[in-house]
Amino acid sequence: MSTSPTNPLLSVRNLAKHYTSGGGWLGGASHLVKAIDDISFDIAPREIVGLVGESGSGKSTTGRVVLRLEEPTGGEIRFDGHDITTLPARELKAFRRQMQVVFQDPYAALNPRMTVGDFVAEPLIVHGLVSSRSERSDRVAALFKQVGLDPRFMTRYPHEFSGGQRQRVNIARAVAMRPRLIIADEPITALDVSIQAQIINLFQDLQQELGMAYLFIAHDLSMVRYLCHRVAVMLRGRLVEIAPTEAIFSDPRHPYTRSLLSAIPIPNPAIERARRPLAFDYETQKPAPDAVLTEVSPGHFVLI
Amino acid sequence: MAPLLEVRNLTVAFDTPGGTVHAVNDVSYALNEGETLGIVGESGSGKSVHVLAMCGLIPRPPGRIVAGEVLFQGRDLLTLPERALRDIRGGQIGFVFQDPMTSLNPVLTVERQLVELIRRHTKLDARAARARAIELLEIVRIPDAARRIGQYPHQFSGGMRQRVMIAIGVACRPKLLIADEATTALDVTVQAQILDMVKDLKREFGTTVIWITHDMGVVAGIADTIQVMYGGRIMERGPVDAIFADPRSAYSWGLLQSLPTAERRAEGRLHQIPGSPPDLYKPAVGDPFAPRNVFATPRCQLEMPPLRQAEGSVPGHLVAAWYDLPAALKARRETVA
């Protein structure tokens, strides 16, 4: 399902993460949980792909498995043409530099005992990208400016920052490695509304300046529509639809996608009062076990 | 007709080791029977703390009611003994909070929690109370309610737990339902069902609702009146259509502008409110939004503007601003053009 003339930066094929639940020493029946199942998609260089779905749909697991923070139980992950699915840690390190992550909770990701400057510099040191103290300081100062933070704040600690500033620190650390792909897992969910637009603009600016691609995992669908080039929709571990953003929003094909989009509140009283969300009943409308992603119009795939 | 709820000059502070947090500053408003008030604001706006404070739900200390009156059906909740207040909470005033896991008792079945509540606030016997509890779970659309009522909170999914919370919130047919970010943690599909259900409750029982959220889209559909709060103060308040079509506070305007609408997509950039939320340890002398407001006048920094009728708008559209937002926006458009 190539959607771009260039070679994909990230290519995921039939990715699965299954685990058995129950069946411990108490002797209960164990059963197989398919956290994600048969997930296939590509991300082109400089492309922003949104990954949406309800909580528990497997969107965060997909991100974690792609980063190999969790091991897949099936399928293949290719980064820039290299199969990294089973690469041992030592060899994975070179690819880790190129794939960075930004999490939802900007505070939990930070080390409270480390100055934010040291926190941003840490990966540069680990990967041997700076040779002297002054070079390190210059690089961190430049990164701070790039994410809209005053470089004088480098010597401060995380608790001295607001949520939005902390997320900027996390973003600075992620871009320090000059990655080619950032996996952003609900990066604005925990932020105040007046700050969310700032961070989205920052993501957009950095993408344009540095030419990175993003996998943007989110549940705010209007923000996804604004930011992303393509959108993938997950339902209980399966990818049910993937298409260019406007195609998803103007012509959703899967009944779950339709239901999801119809549920987005519209900040306009007249429209919102009249809005009637479409119901989706999983038991009667769930995808068949042998359903496959099928191209229904150019670049628009639906699980049928 | 007297309003169902009248908040007068409510001021709440928290004494913490880091200093005094001025959480709610001189908040006054009235709510009529059957009305749905949407309160919008971000963390630190005072939107949640003020409703907790008026129902005696903040820990004291460190919390402290500095001043004010909260008249509910004519009685001042702030001077009622705890016992009387407990009778009102869960009875005439129902609550639904964001996180059901912290509000539900994990070691008691849903049946036990619902039946106890119903029996405390009504004259129903155990059997009738149980029947009523099952009926409530059916109203909030929990499938197989008669069986599931015997389960513990952890046996329900997040969305189902939130429905249980709403069942508890409306169990005694409250006159006033206060929902604080009740659907924020839920998926949009579940949120849509819950909003639908609240509309049904309003229709059926004429319930008065305070819906607290940061989501402008949510309140657009259910609120009659919107109240925008910032830095512990009311910045703007008025009929929902007026607030969306003709905002007069630079903060409400900024929030609406920052939404990723079709126009923003065409522009390719979101409007962003500069700066960070206010430091509540050091409350502003003047308008708390002034440091982030590009339209602020010198007076905004020095003196808090009163909440008063917005000139040229519908009656009841109130704004706290020294600047004239429509004029400032017009001037800006002319400079650009």
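Letters A, B, ... mirror the listed sequences (proteins, then strands); counts begin at 1.
The line from NE2 of B/His214 to OG of A/Ser194 is 11.5 Å long, rounded to the nearest 0.5 Å. The CD atom of A/Glu246 lies 5.5 Å from the CZ atom of B/Arg265; values are rounded to the nearest 0.5 Å. If you take CD on B/Gln272 and CD1 on A/Ile199, they are separated by 9.0 Å, rounding to the nearest 0.5 Å. Atom CE of B/Met216 is separated from atom CG of A/Asn268 by 12.0 Å, given to the nearest 0.5 angstrom.
The existence of a salt bridge linking A/Asp205 and B/Arg269 is confirmed by a sub-4.0 Å separation between a basic side-chain nitrogen and an acidic carboxylate oxygen.
In this structure a side-chain-to-backbone donor-acceptor pair under 3.5 Å is present from A/Tyr226 to B/Gly268. Checked by atom type and distance alone, the side chain of B/Gln193 never pairs as donor or acceptor with a backbone atom of A/Ala279 at under 3.5 Å. Between the A/Gln198 side chain and the B/Ile273 main chain, a donor and an acceptor come within less than 3.5 Å of each other.
At least one side-chain heavy atom of A/Arg273 sits less than 4.5 Å from a side-chain heavy atom of B/Val240. Using a 4.5 Å cut-off on side-chain heavy atoms (C-beta onward), B/Pro277 and A/Ile195 make contact. Side-chain contact check for A/Gln196 versus B/Leu270: every heavy-atom pair is 4.5 Å or farther apart.
Most heavy-atom pairs under 4.5 Å with chain B: of the set A/Pro267, A/Ser222, A/Ser259, this distinction falls to A/Pro267. Ranking A/Gln165, A/Arg225, A/Arg276, A/Arg275 against chain B, the residue ahead of the rest is A/Arg225, based on heavy-atom pairs under 4.5 Å.
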